[in-house]
Structure formats: structure tokens, C-alpha cells
Amino acid sequence: MVQLSIDPAIFASIPDFKIGMITYHDITVRETPQMLKGRIQLFYEERKLAFADKTVTDIEGIKEWRSIFKKIGTDPSRYRPSHEALIRRLIKDQPMPEVQSAVDLMNFFSIRHEIPMGLYDLGAIVGEQLEIRKGRLNDHYEGINGRDMGMEGKLLSADAAGAFGSPIVDSKRTMVTKKTTDALHLVYIRPSMDRQSARDLMAQLQTQFIQIHGGKSSARLITGTEEEII
């Protein structure tokens, strides 16, 4: 069973830091169903209208995560949170990525809730002890964008083989494909969100993901030294 811990050093900068973890088993990843595509596209059109009169950096979920990056020591203008990059594409009316059902749904969740998320193939994760921490000098990986990502000083997730993901961009090593049957979903919850709202969000995400992909799931909320099963 995968275990996730948060480096205590993170709480020195972000006392209310919290993260959600969902594990999925026996799922089926495929082309995104047309019904889901239609729902996502309608939502994107609604969001474009809602964001039309706003400055990107004034959107609450973006503002809060840019502040978190600054507190950790990452320049959010140089390394944008992943949900900000998606929302910027949306506002500019640029084509949104269409990959497969799992990734497309994650992007929808991320924009809807204005938070970064990561989805990983559990079969590609090494070991059962995972950690959320700041990157070290030798932390790097090939990102899903094809670039070599130097992760020193940036918030990341790591397994026994090293860094594999972050709220900036995730690695190719652990990316979800149509062959994935077991997955790990990390949810970078806003620190300002209270515990009950965080629990409700986690329950909603796992229900919606299973509705599309089948299988079964379990969820946990990790805050400091506390871990709560949802």
C-alpha cells in the first residue's frame, strides 16, 4: 500500500499545506467518450466567459498557488503552476490538450477547482514510500512536455527512484497511458480550504473518476503528521 509523507520543512513556509491522495485500481483508460468531451467543452466555454473580465493572476486559485510558489522559493512567472498554464490557454482560446480519458478529466478537474493535480501510473512508481518535498540538486526528470526538468528548490513528489512529479509538470516515467490499470492521483489542495471542504472535494473527485473509468478507489487527506481516510 502506497504511503505518502510531507517533508516537515514545507510547513515552515506553508503551515496549512495539505494534499489529497487517491489510488485507483482496475481502471480502464481509453479515448475520451463523446458525452464527456461535450460536457468538458461546454464547461470550458462557460469558464472563458467567467474569466473574460479578469486578470489571470487575480483568479483566486491562481493567486493562492502563485503565493505558495513564492513562499517555497519558486518564481511563478518563470515556472507556472500547471492549472495556471491550462487556464491561460483557455483564456487565449488556444486548443486544449486532448490526450485520453484520464488526462482530459484531470485537466477538467484542475481548471474547475483552480488547483494543480497529478495523475501517475502506479505500476511505474518505485517502492511504496512517497514524499512531497522541495527538490534537491540532483532532482531532475524528463517532463511530459519533453523537456529536462531541473527540480532543485521546487515542490515535487518523489519515490524510491527519485522525483517523478510536481505542480509544475509531471514526468514521462510515471505518466498515465491507455495501458494503465492502477493510478495515483495527487491533489494539491489550496491551504486556505478547510478540512471538511477538502474531504468533500476528494470524495467528489474519486466518484467522478470512477464513473468514467470503472474500478475502485480509496482516498486520504494528508496534513502535517495527520492522515485521514476519506
Side-chain angles (χ1 to χ4, degrees), residues 1-25 64-65 67-74 79 81-83 106 109-110 113 115-141 143 149-176 180 182-203 205-206 209 216-230:
M1 185 178 186
V2 173
Q3 300 294 324
L4 179 70
S5 62
I6 302 171
D7 185 341
I10 291 176
F11 296 103
S13 303
I14 313 161
D16 294 325
F17 186 84
K18 57 180 73 75
I19 193 162
M21 180 176 76
I22 307 173
T23 53
Y24 302 108
H25 296 283
E64 185 165 358
W65 266 96
S67 173
I68 292 167
F69 271 31
K70 288 177 182 178
K71 289 175 182 177
I72 288 174
T74 300
Y79 300 101
S82 58
H83 68 303
M106 283 305 100
F109 287 159
S110 192
H113 300 288
I115 53 176
M117 297 186 186
L119 188 68
Y120 312 97
D121 189 321
L122 265 177
I125 288 176
V126 181
E128 295 187 344
Q129 298 295 323
L130 309 181
E131 185 180 24
I132 303 297
R133 58 172 172 80
K134 287 179 64 172
R136 301 163 186 154
L137 180 62
N138 61 343
D139 282 320
H140 69 91
Y141 53 72
M149 296 297 299
M151 299 304 296
E152 183 180 9
K154 304 177 183 71
L155 190 65
L156 59 77
S157 48
D159 61 8
F164 67 84
S166 82
I168 301 170
V169 64
D170 291 317
S171 71
K172 272 193 175 181
R173 171 168 73 89
T174 54
M175 70 181 186
V176 167
T180 299
D182 302 296
L184 172 73
H185 183 184
L186 295 183
V187 183
Y188 292 92
I189 294 166
R190 296 190 209 176
S192 63
M193 181 177 281
D194 63 73
R195 291 179 68 89
Q196 184 57 54
S197 297
R199 287 192 290 266
D200 292 344
L201 172 60
M202 296 294 293
L205 293 176
Q206 65 175 326
F209 190 91
K216 54 188 181 239
S217 66
S218 61
R220 281 169 276 173
L221 178 65
I222 298 99
T223 57
T225 57
E226 297 181 27
E227 181 174 316
E228 180 180 354
I229 298 174
I230 298 172

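Everything numeric here is computed off the predicted structure, so don't read it as measured data. Residue numbers start at 1 and run along the sequence shown.
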Point to revise | Straight-line distance of E128 CD to L4 CG, nearest 0.5 Å | key: 13.0 Å

Review point. Hey, what do you get for CG (L155) to CH2 (W65), rounding to the nearest 0.5 Å?
Key: 5.5 Å

Check your understanding: So, the side chain of S110 versus the backbone of I115: is there a donor-acceptor pair under 3.5 Å, distance only?
Key -> yes

Review point. Do you know the tightest heavy-atom contact between T180 and V176?
Key: OG1-CA, 3.5 Å

Check your understanding: Where do R133 and D139 land on the side chain to side chain contact (heavy atoms under 4.5 Å, CB included) test, with the steps shown first?
Key -> CA-CA 11 Å; R133 58 172 172 80; D139 282 320; 2.7 Å; yes

**Study point:** Any donor-acceptor pair under 3.5 Å from S157 side chain to G165 backbone
**Key:** yes

Exercise for review: Test L186 against I132 for side chain to side chain contact (heavy atoms under 4.5 Å, CB included), laying out the working first.
Suggested key: CA-CA 10 Å; L186 295 183; I132 303 297; 4.2 Å; yes

Exercise for review: Provide the closest heavy-atom pair for Y141 versus A163 in the form atom of the first, atom of the second, distance.
Suggested key: CD2-O, 3.5 Å

Do any side-chain atoms of residues 8-24 form donor-acceptor pairs under 3.5 angstrom with protein atoms, and if so which ones, sequence neighbours left out?
unit_1	atom_1	unit_2	atom_2	d
K18	NZ	D16	O	3.3
K18	NZ	P191	O	3.0
K18	NZ	M193	O	2.8
T23	OG1	S218	OG	2.9
Y24	OH	H185	ND1	3.0

Review point. Does the E131 side chain pair with the main chain of S5, one donor and one acceptor, at a distance under 3.5 Å?
Key: no

Exercise for review: Taking ring pair (Phe, Tyr, Trp, His ring centres under 6.0 Å) as the test, write out the residues that go with F164, two or more places apart.
Suggested key: Y120

Point to revise | Closest contact, heavy atoms only, H25 versus L122 | key: CE1-CD1, 3.9 Å

Point to revise | side chain to side chain contact (heavy atoms under 4.5 Å, CB included) between L205 and M117, intermediate numbers included | key: CA-CA 11 Å; L205 293 176; M117 297 186 186; 3.9 Å; yes

Check your understanding: Between P116 and S82, is any pair of side-chain heavy atoms under 4.5 Å apart?
Key -> yes

Check your understanding: If you take all heavy atoms of I72 and G153, which pair is closest and at what distance?
Key -> CG2-O, 3.7 Å

Point to revise | Separation between CG of L119 and CZ of F209, rounded to the nearest 0.5 Å | key: 5.0 Å

Point to revise | Qualifying salt bridge (Lys or Arg N to Asp or Glu O under 4.0 Å) pairs with a residue from residues 150-172, counting only residues at least two apart or across chains | key: E142-K172, D159-R173

**Study point:** Verdict with reasoning, L221 to R199, per side chain to side chain contact (heavy atoms under 4.5 Å, CB included)
**Key:** CA-CA 7 Å; L221 178 65; R199 287 192 290 266; 4.2 Å; yes

Exercise for review: Hey, can you tell me if H113 and F109 have their rings parallel, tilted or perpendicular (30° and 60° cut-offs)?
Suggested key: tilted

